[in-house]
Amino acid sequence: MEKKLYIYNTKTRKKEEFKPINPPHVGMYVCGPTVYGDAHLGHARPAVTFDLVYRYLLHLGYKVRYVRNITDVGHLEHDADEGEDKIAKKARLEKLEPMEIAQYYSDRYHQNMDQLNIKHPSIEPRASGHLIEQIEMVKKIIDAGYGYEKNGSVYFDVNKFQRETGKYGKLSGRVIEELKAQTRQLEGQAEKLNSYDFALWKNAAPEHIMRWPSPWGEGFPGWHMECSAMSSKYLGEHFDIHGGGMDLLFPHHESEIAQSVAANEQEPVEYWMHNNMITIDGQKMGKSLNNFITLNQFINGEHDFLERAYSSMTIRFFMLQAHYRSPLDFSNEALQAAEKGFKKLLDSLETLEQLKPANESTMDVKSLRNRFYEAINDDFNTPVLMAHIFEGVKYINSVADGHATITEEDLSILRELFPEFINHILGLEPEEESGKENELVDQLMDTILEIRQQARKNKDFKTADMIRDELQKLNITIKDSKEGTSWEIE
RNA sequence: GGUCUCGUGGCCGAGUGGCUAGGCAGGGGUCUGCAAAACCUCCGACGGCGGUUCGAGUCCGCCCGAGACCUCCA
């Protein structure tokens with residue numbers, strides 16, 4: 001089976017066949033969170049997107065080293081000069097050590113990631129643990145002639161870099177001349193040669209809590225440095241995939257390229273991938289709009305926007321129903337639709353186990369399998385993949401209903417294909433059904449349903465319906481079928 | 001203001017120069033004691049105005065609307 005994977009490369013703005021630099025090894029770096037607050041929906045999108053990429057590359061047999069950083073030295077609050085380290089600011093507000101905050105929120109981030117069934121990256125480096133690497137890289141950039149020091153800070157000379165390499169703005173499509181005209185003139189930019197130069201290292205003001213010694217005095221790294229330093233440390237100076245949100249395209253990723261080219265004389269990344277943003281009821285998510293929803297609020301239903309709670313798996317399913325490069329709009333209606341669709345999908349996995357083979361198949365299962373691969377190989381087109389999966393769901397249910405048939409061979413294909421795609425590649429797993437794990441509950445339910453069965457046999461439907469209604473009040477749904485009665489907790 | 005993306009049926013979301021996306025919701029039916037689930041079936045769309053073409057959601061222009069980046073942000 002041909003399994004050529006095509007990836008949309010932001011660098012070239014088109015889909016390209018994926019060819020690893022050193023097969024079967026693949027290096028992938030994704031910009032992780034800044035741990036100064038709870039993860040919100042916006043953090044879930046890249047996490048789910050690149051988890052899918054990671055999972056599929058593994059499925060294809062690649063040996064993937066997946067690096068996702070944790071930013072715990074904080075970015076600047078406002079601008080390069082007046083800014084205060086975000087983490088330090090929060091620390092002072094809550095009278096905690098900055099690293100205490102970072103630990104607290106990274107723990108919570110990990111918890112959310114587990115809830116979303118995000119596979120752990122191979123390496124999760126912290127910016128604070130790589131100060132030496134960052135300082136060394138700044139030195140290399142200075143030695144190469146692209147960094148200049150001013151009052152204990154080091155800046156990147158964008159003009160010189162552009163003049164000598166012509167590589168600035170290639171990723172984001174920016175033009176220096178336009179930047180010159182458009183960059184807002186902020187206060188205290190006097191240290192820079194040009195307003196669009198960016199900091200490689202920042203001198204720490206006396207009140208700044210997070211600070212490290214460097215050849216230029218006490219300070220902290222510029223906010224693009226960590227990704228350049230850590231990706232080259234763990235993946236080499238030239239690696240396969242770099243991912244992140246579209247909002248990071250400029251200036252973050254553009255600057256990363258500039259830093260790496262300046263320090264290492266080569267472009268760091270083959271394939272740049274960017275996921276699109278999330279909106280809430282058609283609006284950008286923002287703290288001022290009162291639609292800023294954290295993942296914890298989502299799972300608990302504790303937000304004015306939310307009609308009720310939605311499970312983490314519903315969120316994952318919902319995100320996978322859209323293509324990662326399209327904007328995705330969250331609304332209660334859409335989420336509830338996703339929830340039902342997801343349940344239907346999971347139910348079909350159980351139904352699949354019950355199917356009985358026949359002499360012929362009324363569906364071309366091998367073609368279905370091919371379409372699964374065609375969809376995901378086309379730049380991870382999960383919406384189309386989902387559509388094909390639901391064709392399979394319909395087929396499975398039809399076989400169960402007796403409207404369709406399937407051969408032994410096709411049945412074994414489906415029994416391999418469905419869990420592989422749904423559980424392993426898409427990472428969708430059944431929700432925890434705590435009650436069902438409880439043996440006592442199982443036995444009680446058996447007893448109750450036995451009593452109801454007796455009532456039905458005696459045509460005492462009043463009692464039978466009462467049992468069903470009372471159970472429904474406890475969110476237990478029961479279904480009668482020819483094989484017997486099943487139940488599940490909503 | 002500049003750069004860029006997008007605008008699909010009641011909702012969410014694919015696709016694409018000519019052939020049903022899919023999910024959810026709604027109508028009708030089958031099954032069931034009744035439900036639920038499932039199955040069958042129907043409904044229904046390509047922001048507006050021009051243009052290119054035998055033929056355009058699909059290409060081009062303009063307009064309207066939304067979003068991203070340019071400034072911390074996933």
Side-chain angles (χ1 to χ4, degrees), chain A residues 13 30-34 36-37 39-50 74-80 83 86 169 172-175 178-179 181-184 186 196 223 243-252 254 274-279 282-287 292 317-318 321-323 325-345 347-348 351 375 378 381-391 393-394 396-404 456 459-462 464-465 468-469 472 477-482 485-488:
Chain A
R13 311 215 172 235
V30 174
C31 293
T34 301
Y36 70 98
H40 52 73
L41 280 176
H43 292 100
R45 189 114 199 242
V48 169
T49 298
F50 295 104
H75 296 164
L76 300 179
E77 188 76 70
H78 297 297
D79 63 81
K86 273 180 184 168
S172 60
R174 305 285 150 151
V175 181
E178 288 171 1
L179 286 175
Q182 287 148 25
T183 306
R184 221 165 47 180
L186 299 163
Y196 43 80
W223 73 287
M246 258 172 134
D247 51 340
L248 295 178
L249 227 166
F250 188 90
H252 187 54
E254 193 70 61
H274 291 94
N275 62 274
N276 214 315
M277 316 300 277
I278 275 170
T279 55
Q283 274 194 310
K284 176 188 173 169
M285 190 168 70
K287 279 176 177 147
F292 192 89
F317 177 86
F318 182 62
Q321 267 196 318
H323 187 80
R325 282 191 288 113
S326 297
L328 178 61
D329 187 54
F330 272 68
S331 64
N332 280 289
E333 201 176 359
L335 281 160
Q336 282 161 28
E339 196 170 59
K340 287 185 189 172
F342 179 47
K343 184 179 180 310
K344 183 173 172 179
L345 180 62
D347 286 348
S348 76
T351 307
D378 183 16
N381 197 330
T382 52
V384 168
L385 172 61
M386 289 277 200
H388 295 322
I389 288 176
F390 273 101
E391 275 181 55
V393 169
K394 187 172 248 187
I396 288 166
N397 288 331
S398 291
V399 173
D401 248 37
H403 289 94
R456 291 180 73 205
K459 306 261 181 214
D460 179 6
F461 297 122
K462 203 181 158 192
D465 288 349
R468 184 171 61 200
D469 292 345
Q472 190 60 58
T477 302
I478 61 176
K479 293 182 214 170
D480 297 321
S481 71
K482 283 161 201 142
T485 301
S486 64
W487 61 278
E488 62 186 12

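Lettering follows sequence order; numbering is per chain, from 1. In what follows, every heavy atom counts, from backbone to side chain, and hydrogens, waters and symmetry copies are set aside. None of the values given here were measured: they were computed from a predicted structure.
Of the C1' atoms belonging to B/G7 and B/A35, the separation is 42 Å, rounded to the nearest Å. Going from the C1' atom of B/G17 to that of B/A38 covers 39 Å, rounded to whole Å.
Counting only Watson-Crick and G-U wobble pairs whose two key distances fall under 3.5 Å, RNA chain B forms stems of three or more stacked pairs at B:1-7 with B:64-70, B:10-12 with B:22-24, B:26-30 with B:38-42, B:47-51 with B:59-63.
Using a distance-only test at 3.5 Å, with no hydrogens or angles considered, no donor-acceptor pair links the side chain of A/Ser326 to the main chain of A/Ala322.
Of the side-chain N and O atoms in A/Lys344, one or more sit less than 4.0 angstrom from OP1 or OP2 of B/C24. Close to B/G15, at under 4.0 Å from its OP1 or OP2, lies a side-chain N or O of A/Asn381. Taking 4.0 angstrom as the limit, A/Ser172 places none of its side-chain polar atoms (N or O) nearer than this to OP1 or OP2 of B/U3. Contact annotation: A/Lys340 side-chain N/O to B/A37 OP1/OP2 distance is not under 4.0 Å. Between A/Asn397 and B/C39, a side-chain N or O to OP1/OP2 separation shorter than 4.0 Å is present.
For a distance-only test at 3.5 Å, the side chain of A/Asp480 qualifies as a donor-acceptor partner of the base of B/C34. Between the side chain of A/Arg45 and the base of B/A74, no donor-acceptor pair under 3.5 Å is found. For A/Asn276 against B/G67, a side-chain-to-base donor-acceptor contact under 3.5 Å is absent.
Residue ring and base: A/Phe461 counts as stacked with B/G33 (centre distance below 5.5 Å, interplanar angle below 30°).
Whole-Å rounding puts the A/His403 NE2 to B/A38 C1' distance at 9 Å.
Shortest non-hydrogen contact noted between A/Gly341 and A/Phe390 is O-CZ, 3.4 Å.
In this structure, A/Ala387 reaches the bases: a heavy-atom distance under 4.0 Å links it to at least one base atom across the strands shown.
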